[in-house]
Amino acid sequence: MLRENALRAWETCACDCSKVPSQEGTSEVKRNRRRPRLKVTTGGRGVVNHAGARLVADVADATGLTGALSVAMAPTKQRRRGHDRGEVLVDLAVMIADGGDAISDLVVLRDQPGLFGDVASNPTAWRTLEAVDGDALARIKAARAQARAAAWKAGADPGFYVIDIDATLIDAHSEKEQAAPTYKHGFGFHPLLAYLDATGEALAGLLRPGNAGSGTAADHVAVLDDALAQLPVGPDAVEVIARADSAGLSHEFLDACRERRVRFVVGHRLTAEVASVLVGVPERAWRPALSADGTDERDHAEVTEITGLVDLAGWPDGTRMIARREDPHPGAQLTFTDVDGHRFQLLVTDLAENDIAYLEALYRGRGRAERHICDAKTLGLANLPSASFAINQAWLQVSLIAQDLLAHTRLLALHGDLAHAEPKRLRYCLLHTAAQIVRTSRQRWLRLSNDWPWATQLVAAFDRLSHLPLRS
């Protein structure tokens, strides 16, 4: 009975629909004329994809990175024939910058020899990463520092040196050497990274098991030393600032900063003792906080210095403590650390700057490091390729190289909004651009489509790079 009623209802609906008068043009709307009609065939000559990725490869060559890595990797290869392992590392880094996240993605470069030359096979790439032992790793870091010095000499030197040190979690979906449970109930790795705030350059990275402590002082010191070795300038000549969240707050790390003449700006946990001090600070002692870029006052947020109200005797001489309070945003759930209806944050620093609002804004600028880490996870960091810890450690270095190449591309070759673009936008606008290779009797031309909105910017970037005072 139910089935008969359902059929009857369907027939009634069908009859009603058939009585709806047809409207002129309805069939044309359904055919959708939005896309032009195309007939697909082969026969295109010299057409290449990812033409803009060649710019990243040229940056590696122009800054001397390719040559320096060739020298660094030469001792790992006993036979002269075959692929140069330094060039293989550069090709892997270019592939990662272009969006690849696995060694097999090297095929994107290999299938276009007219654009990228002779690119190694996947097994050769694996062997290259496998050859990166401790000595080779040290030479790779030295090669990166050498290329950075060339890039800075050509105009990439920011003149302001804040080193951000922060950790992140990488999930492992299979049994990998030294993968371990993480504090967020995941499983994988817990690398510690260092970035130069002003340029986004990836200075250093230390691959660690997932259960490595967030506040391990020895790891922070090791990453700081690697980051300092990457800078073409030293803290003896210029002011260098180490910045970290409360995970970096340890006597060992701050003492190491002092020994290296590095200033520090580090977060501090809100303890019950400090909270009791903060609620007793008079209103007149609070002053408006600044926005993260320091350009404007921040509503409903104030700062004050409480150095004289707390015991800082155990910290390096000149250590100061600055507090920030703000009203929780509407609907926010208050926690036990929110005192007197305010949310508090603390930092310690040995900078002598009188403007405490500036110092507090300087500390909050560490949020940019979190953005760099997010970008890093689109640049090879999210997918460690091997079960071998040593190979994954080498892959981390290649990821750092890829991040540096994009940073130097932005700093040296790009102007306007693309000079600040994230990897995803750079790939869409520039790196994945199609082009045509045209050969004449004496030259080879890479011709971009006149219709591509960013063709002019890409041509200008190649031209700008060719005229920089860089060695090739």
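Both backbone and side-chain heavy atoms feed into the values below; hydrogens, waters and symmetry mates do not.
Looking only at side-chain heavy atoms (C-beta outward), Tyr161 and Ile241 stay at 4.5 Å or farther from each other. Inter-residue side-chain proximity for Leu203 and Arg148 is flagged as met; some heavy-atom pair is nearer than 4.5 Å. When side chains are defined from C-beta on, Leu359 does not count as touching Asp355, because their heavy atoms never get closer than 4.5 Å. By the 4.5 Å heavy-atom criterion applied to side chains, Gln457 and Cys429 are not counted as neighbours. Put simply, the side chain of Leu347 does not reach to within 4.5 Å of the side chain of Val266, judged on heavy atoms.
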Quick one, Trp395 with Ile103, criterion side chain to side chain contact (heavy atoms under 4.5 Å, CB included). Give me CA distance, side-chain angles, the key distance, then yes/no.
CA-CA 10 Å; Trp395 178 268; Ile103 292 174; 3.6 Å; yes
Side chain to side chain contact (heavy atoms under 4.5 Å, CB included) between Phe253 and Phe264: does it pass, once the steps are laid out?
CA-CA 10 Å; Phe253 179 62; Phe264 59 82; 5.6 Å; no
Should Asp166 and Arg243 be marked as a salt bridge (Lys or Arg N to Asp or Glu O under 4.0 Å) after you check the CA-CA gap, both sets of side-chain angles, and the distance that decides it?
CA-CA 9 Å; Asp166 203 356; Arg243 185 167 60 187; over 6 Å; no
Steps toward side chain to side chain contact (heavy atoms under 4.5 Å, CB included) verdict (Leu384, Phe189)
CA-CA 10 Å; Leu384 300 181; Phe189 299 92; 3.5 Å; yes
The test is salt bridge (Lys or Arg N to Asp or Glu O under 4.0 Å); show your working for Asp135 and Arg139 and say whether it passes.
CA-CA 6 Å; Asp135 292 338; Arg139 293 192 299 269; 5.2 Å; no
Side chain to side chain contact (heavy atoms under 4.5 Å, CB included) assessment of Leu406 paired with Arg410
CA-CA 6 Å; Leu406 283 187; Arg410 287 189 291 256; 4.2 Å; yes
If you apply the rule side-chain hydrogen bond (donor to acceptor under 3.5 Å, both in side chains), what do you find for Ser386 with Asn392, and how did you get there?
CA-CA 6 Å; Ser386 176; Asn392 289 334; 4.7 Å; no
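No side-chain donor-acceptor contact under 3.5 Å links Thr271 and Glu273. With no hydrogens or angles considered, no side-chain donor-acceptor pair links Ser388 and Lys176 at under 3.5 Å. In this structure, a donor-acceptor pair under 3.5 Å is present between the side chains of Glu201 and Trp152. Side chains of Thr66 and Asp61: a donor on one and an acceptor on the other come within 3.5 Å. Asn122 and Ser104 form no side-chain donor-acceptor contact under 3.5 Å, judged by distance and modelled atom types alone. In this structure, a donor-acceptor pair under 3.5 Å is absent between the side chains of Tyr363 and Gln345. Between the side chains of Arg85 and Thr76, a donor-acceptor pair is found at a separation under 3.5 Å. In the model, Arg447 has no side-chain atom that pairs as donor or acceptor with a side-chain atom of Gln436 under 3.5 Å.
For the pairing with Glu302, the salt bridge (Lys or Arg N to Asp or Glu O under 4.0 Å) check across Arg324, Arg325, Arg287 returns one residue only, Arg325. Only one option out of Ile163, Asp164, Leu362 pairs with Asp197 in a side chain to side chain contact (heavy atoms under 4.5 Å, CB included); it is Asp164. Across Asp118, Leu106, Thr128, Val398, a single residue satisfies side chain to side chain contact (heavy atoms under 4.5 Å, CB included) together with Asp91, and that is Leu106.
When all heavy atoms of His220 and Thr216 are compared, the pair lying nearest together is ND1-O, 3.0 Å.
Comment: Asp375 engages Arg371 in a salt bridge, judged by a side-chain N to carboxylate O separation of less than 4.0 angstrom. A salt bridge does not link Lys153 with Asp157: every distance from a Lys NZ or Arg NE/NH1/NH2 to an Asp or Glu carboxylate oxygen is 4.0 Å or more. Taking the charged nitrogens against the carboxylate oxygens, Glu305 and Arg320 do have a contact shorter than 4.0 Å, which makes a salt bridge. Salt bridge absent: Arg343 and Glu326 never bring a charged side-chain N and a carboxylate O closer than 4.0 Å. Under 4.0 Å is where a charged nitrogen must lie from a carboxylate oxygen, and between Asp350 and Arg263 at least one such pair does. One finds no salt bridge joining Asp98 and Arg427 here, because no Lys/Arg side-chain nitrogen approaches an Asp/Glu carboxylate oxygen to under 4.0 Å. Ion pairing of Asp226 with Arg144 is absent here, as no side-chain N (NZ or NE/NH1/NH2) approaches a carboxylate O to less than 4.0 Å.
Ring geometry, His268 versus Trp315: the interplanar angle exceeds 60°, so the pair is classed perpendicular (tilted spans 30 to 60°).
Aromatic ring centres of His190 and Tyr183: separated by under 6.0 Å.
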